Amino acid sequence: MSVRVEDLKIYYTTLRGEVKAVDGVTFSIGDGEIMGLAGESGCGKSTLGNGLVFLEGRMRHAGGHVQLDGQPLPIGDSRAMEAFRLRQVSIIPQYAMSALNPTRKIGRMTADLLKSRGVDYRKVLEEFKRRVRLVGLPEDVLDRYPFELSGGMRQRATMVISTLLNPSLLIGDEVTSALDVSTQRAVGEMLMEFRDRGYVKSTVVITHDLSILAQIADSILVMYAGKLAEKAGTATIVNNPLHPYTQQLLASLPEVGLRYDEAPLLGIPGRPPSLLDPPKGCRFRERCPFAFDKCVEEPPFVELRPGHEVACWKALQEAQVPGGPMVAQEAAR
Amino acid sequence: MKKVVTYLVAFFVATTVDWGIPHLMPGNPVEIYLSRFNISSNTQYVALQKTISESFGVNVPLWQQYLDFWKGVLHWNFGISFYETAPVTHIIAQAIPYTLALLVPAILLSYFLGNRIGAMAARRKVLDNVVLPIGYVFQAAPYAWLALLLAYVFAVRLRWFPPSLGSNPGIAVGWSWSFILSALHHWVLPFLSVFLVSFGGWSIGMRNLVIYELETDYARYLRSLGASQRLVRRYAYRNAVLPQLSGLALALGVVVGGNIVTEVVFQYPGLGHLIFLAITNEDYFLLQGIFMFIIIGVLLANFVIDIAYVVIDPRTRLSMTGATA
């Protein structure tokens with residue numbers, strides 16, 4: 001396992017108290033695995049992803065630990081993290097299109113960055129150019145300013161810069177969200193290409209778009225309100241989800257060949273709870289059509305089947321009766 | 001080039017306004033001029049008024065005066081001052097060294113120091129807590145108030161520096177050591193008052209700009225890739241200085257206009273003081289001449305900064321060459 005996260009807690013300090021954006025999550029990512037991290041806005045997925053690379057001023061490492069390639073990753077200590085960034089952990093930020101200094105040529109900026117990390121730019125220059133060509137950009141973007149490129153080109157340049165030193169863990173934060181559908185696909189394929197070529201070992205793709213994950217991810221982790229809801233292989237999540245939240249997320253996606261005036265798309269009524277003072281027990285309880293009295297207690301995140309972990313009392317109960325878990329899915333349809 | 005046309009149009013409009021405004025002022029300069037002599041006889045008065053109007057060229061219709069003015073501008077001749085009865089260019093030439101010696105060092109020094117200190121304040125809490133209040137006080141202080149305060153403390157109370165004038169009137173103006181020392185001595189207080197106010201402005205502006213730049217996406221990205229603080233700060237400083245630069249251009253452009261309030265308070269014989277005198281005496285030609293200097297100064301400074309910007313900020317190159325992103 002190249003990445004192990006154990007009981008990780010990341011809180012935001014605000015004037016009204018602590019916002020528990022990531023509240024005790026445990027999971028691991030294997031070598032060469034692309035893990036999708038899905039959920040609605042405000043459920044902590046970006047906080048989790050960003051927290052593994054860079055904790056900003058208001059974010060606080062409130063507990064738990066992270067291991068990368070068998071070594072502890074000191075995510076709470078920004079100084080100590082500096083040595084890991086770019087070399088071992090790296091990020092393609094949500095704002096990838098505006099991530100480059102507007103007044104520096106892209107090659108020059110990269111050289112400045114590498115120099116400040118003690119890397120000789122001339123030694124990686126050839127590889128840099130090769131990768132720039134790999135993502136379909138002309139080599140001369142290195143001599144151009146960011147504003148001379150389109151948004152998509154800037155994003156690809158950012159992807160190359162972020163992965164230039166072959167990090168073990170790459171976080172892609174909403175990398176496809178601002179793109180049109182055909183570009184989304186290309187970016188997804190680039191992430192797979194980077195993995196296949198060994199530029200990155202493990203990748204976390206943060207998105208609210210389950211359909212892009214169905215194409216590129218090996219496994220999917222669904223978060224709800226700062227907690228883990230479900231984790232399994234991509235096919236299992238898409239075809240056989242156990243958590244009602246995952247089921248409803250999937251039901252709100254359009255499907256090819258269906259006419260939606262006949263069968264309207266389902267949304268999920270309600271909104272995620274405030275993380276300032278999250279409700280006790282299952283956090284999805286308020287919006288869950290299957291909630292019952294057991295749900296006032298917090299459900300454990302347990303492996304119900306090999307490689308399929310869920311935090312849901314109902315799924316847990318059904319798993320214990322023969323032929324059980326499928327019923328929940330039928331009921332959701 | 002399009003820019004050159006813009007500058008020519010701006011020059012034409014500004015010059016016309018420059019000519020028009022003194023003529024719109026109430027009162028008649030010839031009468032004010034004559035009132036300085038005690039003329040009792042009415043016929044004498046009318047005759048004198050006629051001669052004087054003719055010699056100053058104000059007896060002809062307005063459009064003729066306007067054309068004459070343009071002719072003068074092109075020949076670098078702004079007429080004769082009513083008040084001093086000397087050529088305007090000559091009077092201005094005497095005042096300019098004082099103004100330049102006072103304002104150019106004050107503005108440049110406050111610009112460089114203000115930017116440095118402001119950028120440092122943006123990233124050091126302790127320094128910020130010191131610089132910010134002091135900066136606000138200086139920036140908000142009216143020149144006149146600060147000048148009076150300085151004059152009171154350092155000239156009247158402590159008697160370290162003279163309270164007024166550009167040099168000791170007993171010493172002849174020229175390249176003698178005694179004159180230079182005396183001029184320096186008189187220069188300190190007006191310099192300080194201009195320097196402090198603009199220093200406050202620059203440092204606060206720079207502090208805010210750097211804080212903004214340190215929060216931008218590119219700064220966050222660099223930090224999350226582990227770039228050194230030095231690199232992030234260098235980029236932030238470079239980008240934050242750009243808006244400051246246009247501010248500097250404007251400040252340097254109006255330098256030739258002097259700083260009226262400071263120069264009046266300290267009776268400093270620069271252009272600002274001259275403007276004050278010209279207005280109180282309704283001295284058309286002097287006023288027009290000084291304004292002409294200001295117009296040319298502002299346009300020239302803007303032109304230079306336009307060019308400097310293209311060198312420093314690559315983004316402006318696009319709009320100059322008309323290329324599309």
Side-chain angles (χ1 to χ4, degrees), chain A residues 49-57 78-106 108-119 143-151 153-154 158 161-165 167 171 173, chain B residues 115 119 121-126 128 206-207 209-246 305-325:
Chain A
N50 281 292
L52 294 177
V53 180
F54 184 71
L55 281 182
E56 279 174 48
S78 201
R79 268 281 151 78
M81 273 300 283
E82 249 167 50
F84 288 88
R85 292 182 188 133
L86 193 61
R87 292 169 187 272
Q88 265 102 45
V89 292
S90 190
I91 187 164
I92 304 166
Q94 194 161 6
Y95 48 83
M97 290 184 193
S98 57
L100 303 171
N101 184 355
T103 58
R104 272 279 200 264
K105 287 175 180 166
I106 289 169
R108 180 79 190 282
M109 194 205 100
T110 312
D112 285 347
L113 170 66
L114 291 178
K115 195 174 148 218
S116 95
R117 298 305 313 277
V119 178
D143 289 320
R144 291 208 236 157
Y145 291 99
F147 59 84
E148 294 177 287
L149 309 180
S150 72
M153 289 166 88
R154 282 201 292 268
T158 309
I161 294 171
S162 288
T163 53
L164 197 54
L165 298 185
I171 312 288
D173 191 0
Chain B
N115 280 346
R123 52 184 205 243
R124 253 173 246 146
K125 198 90 198 149
V126 183
D128 198 25
M206 192 62 182
R207 170 194 174 271
L209 284 165
V210 167
I211 286 179
Y212 170 80
E213 289 291 334
L214 286 174
E215 294 290 313
T216 51
D217 286 344
Y218 73 82
R220 278 173 68 195
Y221 181 58
L222 282 174
R223 274 196 295 257
S224 45
L225 296 189
S228 64
Q229 285 294 324
R230 252 190 73 225
L231 178 64
V232 179
R233 282 173 191 163
R234 208 172 80 211
Y235 278 7
Y237 184 84
R238 243 185 86 102
N239 292 349
V241 139
L242 295 174
Q244 294 283 83
L245 209 57
S246 16
I305 292 293
D306 264 352
I307 291 170
Y309 237 100
V310 173
V311 176
I312 298 166
D313 188 346
R315 282 168 293 188
T316 52
R317 261 171 249 167
L318 272 187
S319 62
M320 293 297 264
T321 54
T324 48

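Numbers restart at 1 for each chain; the letters A, B, ... are given by sequence-line order, proteins then strands. If you're wondering where the values come from, they're calculated on a predicted model, not measured in any experiment.
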Item to check | Residues that Leu242(B) engages under side-chain contact (heavy atoms from CB on, under 4.5 Å), provided they are two or more places apart | outcome: Thr103(A), Tyr309(B), Ile312(B), Asp313(B), Arg315(B)
Next on the checklist: If the condition is side-chain contact (heavy atoms from CB on, under 4.5 Å), which residues does Ala83(A) pass it with, not counting sequence neighbours?
Outcome noted: none
Checklist entry - With respect to chain B, which residue among Pro102(A), Ser78(A), Pro167(A) yields the maximal number of heavy-atom pairs within a distance under 4.5 Å? => result Pro102(A)
Checklist outcome for this item: Ranked by heavy-atom pairs below 4.5 Å to chain B, first place among Arg87(A), Glu82(A), Met109(A) goes to Met109(A)
Between side-chain atoms of residues 224-233 of chain B and protein atoms elsewhere (two or more places apart, or another chain), which donor-acceptor pairs fall under 3.5 Å?
residue	atom	partner	partner atom	Å
Ser224(B)	OG	Arg220(B)	O	3.0
Ser224(B)	OG	Tyr221(B)	O	3.0
Ser228(B)	OG	Leu231(B)	N	3.3

Checklist entry - Do Asp112(A) and Arg234(B) have side-chain heavy atoms sitting under 4.5 Å apart? => result yes
Checklist outcome for this item: Interatomic distance, CG@Leu222(B) vs CZ@Arg85(A), rounded to 0.5 Å, equals 12.0 Å
Checklist entry - What residues of residues 89-98 of chain A sit under 4.5 Å from chain B when you count only heavy atoms? => result Ser90(A), Ile91(A), Pro93(A), Tyr95(A), Ser98(A)
Item to check | Heavy-atom closest pair, residues Tyr218(B) and Leu100(A) | outcome: CB-C, 3.6 Å
Checklist outcome for this item: Turns out that what part of Met81(A) lies under 4.5 Å from chain B's heavy atoms comes down to neither
